[in-house]
Amino acid sequence: MDGSGGGGDGGGSIATPVQKKAHEAWRIYKYYLDKTTPHSTYRWIGTLVVFLIYSLRVFSIHGFYIISYALGIYLLNLLIGFLSPLVDPELDLSSDGGASLPTRGSDEFKPFIRRLPEFKFWYSMTKAFCIAFLMTFFSVFDVPVFWPILLCYWVVLFFLTMRRQISHMIKHKYIPFSIGKQKYSGRRSSASSGGASRAD
């Protein structure tokens, strides 16, 4: 009994440094990942580069179309989460009897909160491209399919899903992007500061 306990302790002491190294590597990875948070433009440029590398890989070997189809379905789900509000107005309407979005000028302004934040959207998309790229090096995933049918099916699915999402946005009067408002306030502030400098 003591011998087996000692073996267990020895196994635990061997596993502990490995776990420490793995935890340290994960902590360093999270540190650098968190540092990329404010640099959204560079993050999306990097994702575009990864997408181009994956596309060149698939086109050069003329295969792995089933992986591309599965990747497209996954990206479509991510896009829907990115465009959807955190609280669905239809569910909120049925639960407490009031809409979550302001309907009158006197109502309190509630900013649009996404179900899938931009950073998680970018991270999940980039990770999906990397995993799909790695899968193209294993022939077991190269299932022979007629790719034009998959492409047509994905386009139809994309069209139907986006039509439903746009009709939901029109029905509940929300826009998932606030880029225009931010630029307008910036231009206004810069114009007012420019006018002040001219007056000086």
Do Val143 and Tyr65 belong together in a cluster built from hydrophobic side chains that touch within less than 4.5 Å?
yes
Step by step, work out the side chain to side chain contact (heavy atoms under 4.5 Å, CB included) result for Ser68 and Phe64.
CA-CA 7 Å; Ser68 299; Phe64 297 97; 5.5 Å; no
Are Met162 and Leu79 packed together at the side-chain level, in the sense that at least one heavy-atom pair is separated by less than 4.5 angstrom?
yes
Interatomic distance, CD1@Ile113 vs OG@Ser84, rounded to 0.5 Å, equals 14.0 Å
With no hydrogens and no angle check, is any side-chain donor or acceptor of Asp142 less than 3.5 Å from a backbone partner on Gly63?
no
Given the rule that I, L, V, M, F, W and Y join up when any side-chain heavy atoms are under 4.5 Å apart, are Ile53 and Leu56 in one cluster?
no
Tell me whether Leu157 is reachable from Tyr74 by hopping between hydrophobic residues (I, L, V, M, F, W, Y) whose side-chain heavy atoms are closer than 4.5 Å.
yes
With clusters defined by side-chain heavy atoms of hydrophobic residues (ILVMFWY) lying less than 4.5 Å apart, directly or transitively, does Val155 cluster with Ile149?
no
From CA spacing to verdict: side chain to side chain contact (heavy atoms under 4.5 Å, CB included), His172, His168
CA-CA 6 Å; His172 297 286; His168 188 270; 3.5 Å; yes
For Ala128 versus Leu71, what's the shortest heavy-atom pair and its separation?
CB-CD1, 3.6 Å
With side chain to side chain contact (heavy atoms under 4.5 Å, CB included) as the criterion, how do Thr16 and Lys20 come out once you've worked through the C-alpha distance, each side chain's angles and the decisive distance to 0.1 Å?
CA-CA 6 Å; Thr16 302; Lys20 284 183 179 178; 3.8 Å; yes
OG1/Thr161 to CD1/Ile166 distance, rounded to the nearest 0.5 angstrom?
11.0 Å
Heavy-atom side-chain contact between Tyr54 and Ile67 under 4.5 Å:
yes
Is there a side-chain contact between Tyr42 and Thr36, using heavy atoms and a 4.5 Å cut-off?
no
Could you list the donor-acceptor pairs under 3.5 angstrom formed by side chains in residues 131-139, with sequence neighbours left out?
unit_1, atom_1, unit_2, atom_2, d
Thr136, OG1, Arg57, NE, 3.2
Thr136, OG1, Phe133, O, 2.4

Closest approach of Tyr69 and Trp154, non-hydrogen atoms and distance?
CE1-CB, 4.1 Å
Kindly compute the distance separating CG (Leu150) from CD1 (Ile73), expressed to the nearest 0.5 Å.
9.0 Å
Count I, L, V, M, F, W, Y as connected when their side-chain heavy atoms are under 4.5 Å apart, and connections chain through other members. Are Trp26 and Leu33 then in the same cluster?
yes
Heavy atoms of Leu83 and Gln165 approach each other most closely as O-NE2, 3.4 Å
Lys/Arg-Asp/Glu bridge criterion (N-O < 4.0 Å) met for Arg27, Glu24:
yes
Please table the atom pairs, donor to acceptor, closer than 3.5 Å between any side-chain atom in residues 115-123 and protein atoms at least two apart or in another chain.
unit_1, atom_1, unit_2, atom_2, d
Glu118, OE1, Arg43, NH2, 3.0
Glu118, OE2, Arg43, NH1, 3.3
Glu118, OE2, Trp44, NE1, 2.6
Trp122, NE1, Arg43, O, 2.9
Trp122, NE1, Thr47, OG1, 2.6
Trp122, NE1, Thr126, OG1, 3.3
Tyr123, OH, Tyr29, OH, 2.8

Can you confirm whether more than 12 heavy atoms, excluding those of Phe51, are under 6.0 Å from its CZ atom?
no
